[in-house]
Amino acid sequence: QVQLVESGGDSVQAGGSLRLSCEASGYEVGVSCMAWFRQAPGKEREGVGYLDYYGDTVYSKAFQGRTTISKDSAKNILYLEMSSLKPEDTAVYYCAARHNRRACDYNWWVPAQYAHWGQGTQVTVDS
């Protein structure tokens, strides 16, 4: 059974940084497309970026230049590092994993592409 458990969410001041973790069990981080999403109250779930089997990363425009997705294969953890945080980054952040698919498709930001989800971790950015 696949389990994804996010952690690292916190309340930070605008301009601050955070590193979120997604620890996987029953699933090997890095063998298939994995992504981070976020969802703010009253808004749709939004793709942050992905890491695929080949080590390629892609980020949505809103996150380019201040976001890094990486993995620690030994610990089986996917990370999301964010800097220059803004109040509009306040959301629940989720990691998601595709089943048996090395590459992330052009429409990687569509939540329905992902078979496995974590429960989310809250990030709050104060102005």
Side-chain angles (χ1 to χ4, degrees):
Q1 183 178 353
V2 175
Q3 275 195 311
L4 304 175
V5 179
E6 301 94 335
S7 62
D10 204 349
S11 293
V12 297
Q13 293 294 313
S17 301
L18 275 177
R19 187 178 78 165
L20 307 183
S21 300
C22 172
E23 186 168 1
S25 58
Y27 184 92
E28 187 175 345
V29 171
V31 297
S32 288
C33 169
M34 294 186 74
W36 284 94
F37 286 78
R38 73 178 185 185
Q39 189 165 19
K43 294 191 176 182
E44 293 187 354
R45 196 162 293 191
E46 173 186 24
V48 175
Y50 73 73
L51 173 69
D52 68 15
Y53 167 83
Y54 305 102
D56 294 329
T57 54
V58 166
Y59 306 100
S60 293
K61 191 169 289 187
F63 305 97
Q64 290 175 3
R66 60 189 188 100
T67 304
T68 302
I69 296 175
S70 62
K71 66 180 174 75
D72 184 327
S73 297
K75 295 180 179 179
N76 212 34
I77 294 176
L78 183 75
Y79 296 107
L80 172 66
E81 296 181 78
M82 301 181 290
S83 61
S84 302
L85 286 165
K86 311 168 190 176
E88 50 264 43
D89 292 321
T90 295
V92 178
Y93 284 72
Y94 300 89
C95 71
R98 294 197 64 171
H99 178 68
N100 199 28
R101 183 141 185 116
R102 291 182 172 182
C104 299
D105 294 322
Y106 73 96
N107 59 347
W108 65 270
W109 61 84
V110 176
Q113 298 277 343
Y114 299 84
H116 310 294
W117 291 86
Q119 82 292 343
T121 187
Q122 176 70 47
V123 172
T124 302
V125 183
D126 299 315
S127 57

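Quick note: residue numbers are just sequence positions, from 1.
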Scan for side-chain hydrogen bond (donor to acceptor under 3.5 Å, both in side chains) pairs involving residues 50-68, sequence neighbours excluded, and state none if there are none.
R66-D89
Per-pair distances, 0.1 Å, donor-acceptor, side chain in residues 10-17, under 3.5 Å, sequence neighbours excluded:
none

Between A40 and A91 the two heavy atoms that sit nearest each other are N-CB, 3.8 Å
With the 4.5 Å side-chain cut-off for hydrophobic clustering, are L80 and Y27 part of the same group?
yes
All heavy atoms of E81 vs all of S70, minimum pair found to be OE2-OG, 4.2 Å
Considering only residues two or more places apart or on different chains, which pairs with a residue in residues 112-122 satisfy side-chain hydrogen bond (donor to acceptor under 3.5 Å, both in side chains)?
R98-Q113, N107-Q113, Q122-T124
Joint hydrophobic cluster, L20 plus V48, side-chain heavy atoms closer than 4.5 Å
yes
Taking side-chain hydrogen bond (donor to acceptor under 3.5 Å, both in side chains) as the test, write out the residues that go with R102, two or more places apart.
none
Co-membership, hydrophobic cluster, residues Y94 and V2, 4.5 Å side-chain:
no
Minimal heavy-atom distance between F37 and P111, with the atoms involved, is CE2-CG, 3.9 Å
Residues clustering with Y79 (ILVMFWY side chains joined when closer than 4.5 Å, directly or via others)
I77
Between L18 and W36, is there shared hydrophobic-cluster membership here, with clusters defined by ILVMFWY side-chain heavy atoms closer than 4.5 Å?
yes
Whether E46 and R38 form a salt bridge (side-chain N of Lys/Arg under 4.0 Å from carboxylate O of Asp/Glu) is what I want to check.
yes
Pairs touching residues 76-127 that satisfy disulfide bond (SG atoms under 2.5 Å apart), sequence neighbours left out:
C22-C95, C33-C104
Shared hydrophobic cluster for V29 and V5 (ILVMFWY, side-chain gaps under 4.5 Å):
no
